[in-house]
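Right, one structure below, let's go through it.
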Amino acid sequence: MFTVTVPRSDVTLDEVSAALRAKLGPRYNIRPSMRSTGFGKEVPGDARTMLVAANWLERANVRVVPGVGSTAIQVDAGATYFGLIRLIHHLGVARKVRQALADAPELARPN
């Protein structure tokens, strides 16, 4: 799991979603309150989760965890299988999502 820490405690899921849409472009579909647990399998998440998907294989789960003085944004591969495909996820879409969030200065700006 990758974690990006934003120096603001009030970062919302909508702000994270907007930053990802701007950085990743139209190829990736962002689904709030959803998670992926396997090949194309989506399940309901909670109000702090979202699924970022390019297709049934390229997926990342994102969770926004507010804290005192900062917000942790956790990014993990969008499936629970092992081996080479999970490694590809960590090197592929999860890495792209983490990098997009790390390169999003708008998340650090106060509202």
Side-chain angles (χ1 to χ4, degrees):
M1 177 183 307
F2 298 114
T3 301
V4 176
T5 302
V6 178
R8 238 180 72 209
S9 61
D10 60 345
V11 175
T12 66
L13 195 66
D14 289 339
E15 289 175 303
V16 173
S17 182
L20 288 173
R21 281 187 175 90
K23 299 285 184 184
L24 297 176
R27 179 172 181 253
Y28 292 89
N29 190 359
I30 298 172
R31 299 183 189 120
S33 300
M34 294 298 290
R35 298 179 58 245
S36 177
T37 59
F39 284 111
K41 185 175 180 186
E42 294 179 17
V43 297
D46 60 30
R48 293 185 181 161
T49 61
M50 75 174 74
L51 171 64
V52 179
N55 56 45
W56 65 273
L57 183 61
E58 289 184 278
R59 296 165 173 260
N61 293 315
V62 178
R63 180 166 183 79
V64 178
V65 183
V68 177
S70 66
T71 300
I73 305 170
Q74 301 168 342
V75 181
D76 200 7
T80 57
Y81 42 83
F82 299 100
L84 181 60
I85 294 175
R86 187 161 175 86
L87 176 63
I88 291 169
H89 274 274
H90 279 294
L91 297 176
V93 69
R95 182 190 54 78
K96 288 177 191 173
V97 169
R98 180 192 51 85
Q99 190 63 47
L101 292 169
D103 293 342
E106 62 270 23
L107 294 177
R109 288 187 202 122
N111 283 338

Worksheet item: Can you tell which of Val16, Leu13, Val52 makes a side chain to side chain contact (heavy atoms under 4.5 Å, CB included) with Ile30?
Response: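 Of Val16, Leu13, Val52, side chain to side chain contact (heavy atoms under 4.5 Å, CB included) with Ile30 is met by Val52 alone.
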Going from [atom1] on [X] to [atom2] on [Y], what distance comes out if it is rounded to the nearest 0.5 angstrom?
X     : Y     : atom1 : atom2 : answer
Arg63 : Ile73 : CZ    : CD1   : 12.5 Å
Glu58 : Lys96 : CD    : NZ    : 5.5 Å
Arg98 : Asp76 : CZ    : CG    : 13.0 Å

Worksheet item: Can you hop from Val11 to Val75 via hydrophobic side chains spaced under 4.5 Å?
Response: yes
Worksheet item: Cluster question for you: counting only ILVMFWY and a side-chain heavy-atom cut-off of under 4.5 Å, with indirect links fine, are Leu51 and Val93 together?
Response: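 Shared cluster, no.
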Answer whether the closest heavy-atom distance between the side chains of [X] and [Y] falls below 4.5 Å.
X     : Y     : result
Val97 : Phe2  : no
Val64 : Thr12 : no
Met50 : Leu20 : yes
Arg31 : Arg59 : yes

Discussion item. Check this for me, if you would: do Asp46 and Arg35 make a salt bridge, where the nitrogen-to-carboxylate-oxygen distance has to be below 4.0 angstrom?
Written reply: no
Within the side chain of [X], is there an N or O that forms a donor-acceptor pair under 3.5 Å with the backbone of [Y]?
X     : Y      : result
Lys23 : Ala104 : no
Asn61 : Ser36  : yes
Thr71 : Arg8   : yes

Worksheet entry | Taking every non-hydrogen atom, the tightest pair across Ser9 and Pro66 |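 Between these two residues, the closest heavy atoms are O-CB, 3.6 Å.
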